[in-house]
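All values below were derived from every heavy atom in this structure, side-chain atoms included, with hydrogens, water molecules and symmetry-related copies excluded. Sequence positions, counted from 1, serve as the residue numbers for this chain.
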Amino acid sequence: MTPKTNELQDVTVVAFGKQRKESMTSAIETINPKELKMPTGNLTAALAGRLAGVISYQKSGEPGKDNAEFFVRGVTTFGYSSSPLILLDGFEISANDLARIQPDNIEQFSILKDATSAALYGSKGANGVIMVTTKKGQEGKPRISFRHESRFSTPTKIPKTVDGVTYMKLYNEAQFNDNPLLPPYYEAQKIQNTINGVNSYAYPNVNWYDELFKNLTYNQYYYLNVSGGSKDIQYYLAAAYTNETGILKNEQMNNFQNNINIGTYDVTAKVNIQLTKTTSFEVNMNSRFQNYTGPSVEANDIFNRVMDANPVEFPKYYLPDEKNVYTKHVLFGMNPRNSMANPYADMVKGYKDGFSSNILSQFSLNQKLDFLTKGLNFHAKVSIKTDSSHDSNRSYAPFFYNIKDYDELADVYSLSEIVKGSDVLGEPVNTRSANSHFYFEAGLSYSNVFNDDHELGAVVIYTQEENKNTAAEGSIQVTLPQRNQALRARANYAYKSRYLVEGSVTYNGSEKFDADHRWGVFPAIGAGYMISNENFWRPLSKVVDKFKIRYSYGLVGNDNISDPKDRFYFLSDIGREGGYTWGKDFLTSYSGLRVKRYANPEITWEIARKQDIGVEFNLWRVLDVQLDYFHERREKVYEKRAHIPSTMGLTSDIWGNVGEVKSWGWDGSADLNYAINKDAWLTGRFNFTYAKNEVTEREEPAYRDEYRRTIGWPVRQQWGLIAERLFIDEADVANSPTQGFGTNVQPGDIKYKDINNDGIVNDNDMVPIGYPSVPEFSYGFGLSAGYKNWDISFFFQGQGHNSFFIDPSRIAPFMNYRNAVSYIADDHWSPNNPVSHAFWPRLSTENNANNYKKESTWWLRDGRYLRLKTIELGYSLPKNTLRKVGLSNLRFYFSGLNLLCFSSFNLWDPEMGDNGLGYPLQRVYNIGVQFDF
């Protein structure tokens, strides 16, 4: 964290323009882009805890698929999309595009949170707006900057599985629990030979995590930019290369690599040309090219499959026996029944390679019209973006073997072929995609100050855009262009920089809706009072240098209410499906037609009525504080109708704009910027977001029990059974309500509460439990300090008021001979330990539907945590020394990412939530160097 520049302090990028911060009435959060620089190839991973108003979390660390989920002021709808609009230099981009933006190229990163800041985006701004503005060249001699980072990445936490001996003993215990009359499945001799370390192929003891994954991988980052220019032409040129690799191991006998390896090239070129004294032209090119290599099976699935193979059935592969000395393929292990998965074989049996390109070209013309009236400007912008990708997936069918005979005295085994595979890769399975996005913008802007007291600004903008998906398959609706038009206007006025007022209106049209509902109006108004500019405030100015209050109210829309395959709601969708048979013997069949969607010309966008009241002040000219209370009412949420009786004879569901949600909360930030003396400085940042929501209208079935209704509860509230304890004995089972999940309940199974007292526990007894799945509370805090040539910084990030379920079916051991995590071995019910509460209930080799129902308080966990997100230590060489070699700056630094995490949950990284068995989040140790000249 470093002090903000004067330009960023004075001017903020707003919708379709810039405004002085002092004259703004909007709730806009900005951050110094340097704070977004972390040793990761994904920008979205840096958002958590950094910005007031943003709730963000990351559930996967897989390279290329590690995007964080993020929301502006929480989740405010249960409709199709709750994600914010994302803009790069005024052009809409996807979350994947945002993830790959280079922080070094960012001039300003802003969050538009309220109505006056987002209303100009009409039917796209209801979920908030993220605005990224890239750097421009400045007049002067060429300035060159280079940065390199070497990143060493390791998992933050991987679930620990049991060793082979423990597994076999626990499996025998589980089988005994199911049927005490059966002999132990694993004989004592096999257990003892495993303990003694007899031939590891005949008596395997496999840690599948160790066999499949590396503890450490090395990634690289290179960045170079050149900027400068004359009075008439300024340029900013940048190129970056990022190499990210996974932690999957490669099989040496293969002639291909199955580990993840991603090479990304980013090229940015921005040129500003002063054509005349009043006319300027800007060309902005952003391109990204990516080469990908990885396993033929999804890496996240490979991690999940570790639980499908236990440590003692077979090794990952066998060394050749006498018969297979000259066999050229890998002798993958498998149980004799071929009923299990070999995760190693799945990982190395093939590879996927691909290439993608994303090219954004923008051309802008600006014309001053001072000859008409001072402060009047005209501008026009054309933007074109093309995205294309091509993937090729090739794999072979593995050969699987198992030991047929083993001579313990000679320590020699012979193999039998379980599954015959193939020695060569099969034909590739190819996929491709191609999209284009055209955007046009033209308008007038006006800004002037009269008599030093009256500041007036206005903009009028016309926009139109078109999206095309030229490689889509399936629905014709996906391939048809998506179009949007809008006329937007805003005016703001300030009197003596004290009394502030702003109003905006957008007239927006979308082709998704019927002609009678295709256009909508989205107005907003805001007012502010800069009290600190009053004369009576002067005695307080040494303590409170700035104090402003502001209020805003307005309407914003969301037209992204369903999947792109489900557009044009005013048209019905009829397909050839089903049919009928008739005749004497019913042997005559005819195909038929089915209405897959009924036309509804009344469908329209969601409407968000947003209110915000905020206060901004500065203490002792070193601490900037901003605090906001917000309230939103989301109307016309698109949902499936639940009150349509089946007697109507309809063949598909009916949908409508009938849902409503209200949301409210607080967010705020405090920025410290203190110069101790000429050699030492201190900066700090604290921010928080507390965002709650409640469903106020939703069409639901006519439940007999009122508690089953979702109205009055958060959008993503968790629902489940109340688990009271474990059954103590047979008498306890007999004297308890029937648990209707198709399982013969025994002592040691989970006992649930009969909420409606009907004598049966089933889904009718599910109630709201815990917190929503999306955090309601997010925060972050950190400090940076510098002394002479040294600097150090740290940042903590945390979240709370969220819950997630452990999915017991994914970690359930022994069923189909699945693996077991150590946590179960350490804390489970057993006949010798008949406790009423344990992490795991009665062990079983069967699918215990009663115990493996994840929606209950037994498997619900608190998702709160506090994480040491980043730490950095840097040293810059003295300026006097650098001047002798032509450098203006040379800095070496060490940084770390995700170094510590404090949480009551310790099975896996709590931020991953219910994806804990997937590709783990990464802890990164980074060494970097930057020099400028």
Side-chain angles (χ1 to χ4, degrees), residues 29 31 33 35-75 81-88 93-103 106 109-111 113 127-132 151 153 155-157 219 242 244 262 264 299-300 667 687-689 691 716 772-780 782 795-802 804 863-870 897-899 901 903 908-916 918-924:
E29 178 78 5
I31 188 173
E35 296 185 27
L36 300 175
K37 293 182 181 180
M38 299 198 316
T40 174
N42 193 315
L43 181 64
T44 64
L47 300 181
R50 295 279 182 177
L51 293 136
V54 175
I55 291 177
S56 176
Y57 53 90
Q58 189 178 12
K59 299 181 71 171
S60 174
E62 179 181 350
K65 297 183 179 180
D66 53 351
N67 286 4
E69 296 185 47
F70 48 90
F71 309 91
V72 175
R73 290 182 165 173
V75 177
S81 174
S82 54
S83 301
L85 173 68
I86 307 170
L87 301 172
L88 174 63
I93 60 174
S94 68
N96 284 331
D97 294 325
L98 175 67
R100 306 305 162 193
I101 294 176
Q102 300 300 327
I106 298 176
F109 192 99
S110 305
I111 309 295
K113 301 184 289 187
N127 297 328
V129 182
I130 295 178
M131 295 184 63
V132 182
R151 302 165 177 172
S153 184
T156 56
K157 190 177 183 66
N219 300 321
T242 307
E244 297 178 277
I262 303 176
T264 305
N300 197 67
D667 61 43
N687 73 88
F688 78 95
T689 304
R716 300 197 183 182
S773 58
V774 174
E776 294 180 328
F777 184 54
S778 176
Y779 62 97
F795 193 83
F796 283 87
Q797 171 260 324
Q799 67 179 35
H801 278 216
N802 66 300
F804 65 91
R864 62 180 173 178
Y865 67 84
L866 173 64
R867 183 190 299 282
L868 176 57
K869 189 68 174 181
T870 59
L897 174 68
N898 293 335
L899 297 183
C901 186
S903 171
W908 52 72
D909 194 308
E911 190 172 355
M912 297 179 68
D914 57 5
N915 189 43
Y919 200 110
L921 298 184
Q922 298 294 294
R923 177 180 296 115
V924 181

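Of the possible polar contacts, one joining the Glu911 side chain to the Gln58 backbone as a donor-acceptor pair under 3.5 Å is found. Of the possible polar contacts, none joining the Asp66 side chain to the Pro63 backbone as a donor-acceptor pair under 3.5 Å is found. The closest donor-acceptor contact from the side chain of Trp908 to the backbone of Gly913 lies under 3.5 Å. A donor-acceptor pair is defined here as one N or O able to donate and one able to accept, closer than 3.5 Å; such a pair exists between the side chain of Asn300 and the backbone of Tyr919. A donor-acceptor distance shorter than 3.5 angstrom exists from the side chain of Asn127 to the backbone of Ser83, with no hydrogens or angles considered. Gln922 places a side-chain N or O within 3.5 Å of a backbone atom of Pro920 that can act as its donor or acceptor partner. When atom types are taken as modelled, the side chain of Arg923 and the backbone of Leu899 share a donor-acceptor pair closer than 3.5 angstrom.
Expressed to the nearest 0.5 Å, how far OG1 of Thr870 lies from CG of Leu897 amounts to 7.5 Å. Annotation: the span from Ile55 atom CD1 to His801 atom NE2 amounts to 11.5 Å, rounded to 0.5 Å. Between atom CD1 of residue Ile130 and atom CG of residue Leu88 there is a gap of 12.0 Å, rounded to the nearest 0.5 Å. With rounding to the nearest 0.5 Å, the separation of NZ in Lys869 from CE in Met38 is 5.0 Å. Between Glu29 atom CD and Lys113 atom NZ the span is 4.5 Å, to the nearest 0.5 Å. Within the model, atoms CD of Glu244 and CD of Glu62 stand 10.5 Å from one another, a figure rounded to the nearest 0.5 Å.
Side chains of Ser903 and Lys157 form no contact here, defined as non-hydrogen atoms less than 4.5 Å apart. Contact of the Thr242 side chain with the Gln102 side chain is registered, since non-hydrogen atoms from C-beta on lie closer than 4.5 Å. Between Leu43 and Leu98, some side-chain heavy-atom pair lies under the 4.5 Å cut-off. With contacts defined as side-chain heavy-atom distances shorter than 4.5 Å, the pair Glu35/Pro33 does not qualify.
A donor-acceptor pair shorter than 3.5 Å can be found between the side chains of Asn67 and Asn96. If you check the side chains of Asn42 and Thr44, you find a donor sitting under 3.5 Å from an acceptor.
Open room surrounds CZ on Arg864; 12 or fewer heavy atoms of other groups in view lie less than 6.0 Å from it.
Nearest heavy atoms, Ser56 versus Ala48: O-CB, 3.6 Å. Residues Ala95 and Phe70 share a closest heavy-atom pair of CB-CZ, 4.2 Å. The heavy-atom pair separating Lys65 from Arg100 by the smallest distance is N-NH2, 4.4 Å. The two residues Tyr779 and Tyr865 have their closest heavy-atom pair at OH-O, 3.9 Å. Across all their heavy atoms, Arg151 and Val924 have their closest contact at CB-CG1, 3.9 Å. Here the closest non-hydrogen pair linking Pro103 and Leu36 is CG-O, 3.8 Å.
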Determine, step by step, whether Leu47 and Phe109 satisfy the side-chain contact (heavy atoms from CB on, under 4.5 Å) criterion, reporting the C-alpha distance in whole Å, the side-chain angles of both residues, the deciding distance to 0.1 Å, and the verdict. CA-CA 11 Å; Leu47 300 181; Phe109 192 99; 3.7 Å; yes
I'd like to know whether Asn915 forms a side-chain contact (heavy atoms from CB on, under 4.5 Å) with Phe804, so could you lay out the CA-CA distance, the side-chain angles of the two residues, the decisive distance to 0.1 Å, and finally the verdict. CA-CA 10 Å; Asn915 189 43; Phe804 65 91; over 6 Å; no
Could you walk me through whether Ile101 and Ile93 satisfy the side-chain contact (heavy atoms from CB on, under 4.5 Å) test, starting with their C-alpha distance in whole Å, then the side-chain angles of each, then the deciding distance to 0.1 Å, before giving a yes or no? CA-CA 11 Å; Ile101 294 176; Ile93 60 174; 4.0 Å; yes
Check the pair Val54 / Ile111 against side-chain contact (heavy atoms from CB on, under 4.5 Å), numbers first and verdict last. CA-CA 8 Å; Val54 175; Ile111 309 295; 3.9 Å; yes
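Contact check on Arg867 versus Asp909 returns a salt bridge, with a Lys/Arg side-chain nitrogen under 4.0 Å from an Asp/Glu carboxylate oxygen.
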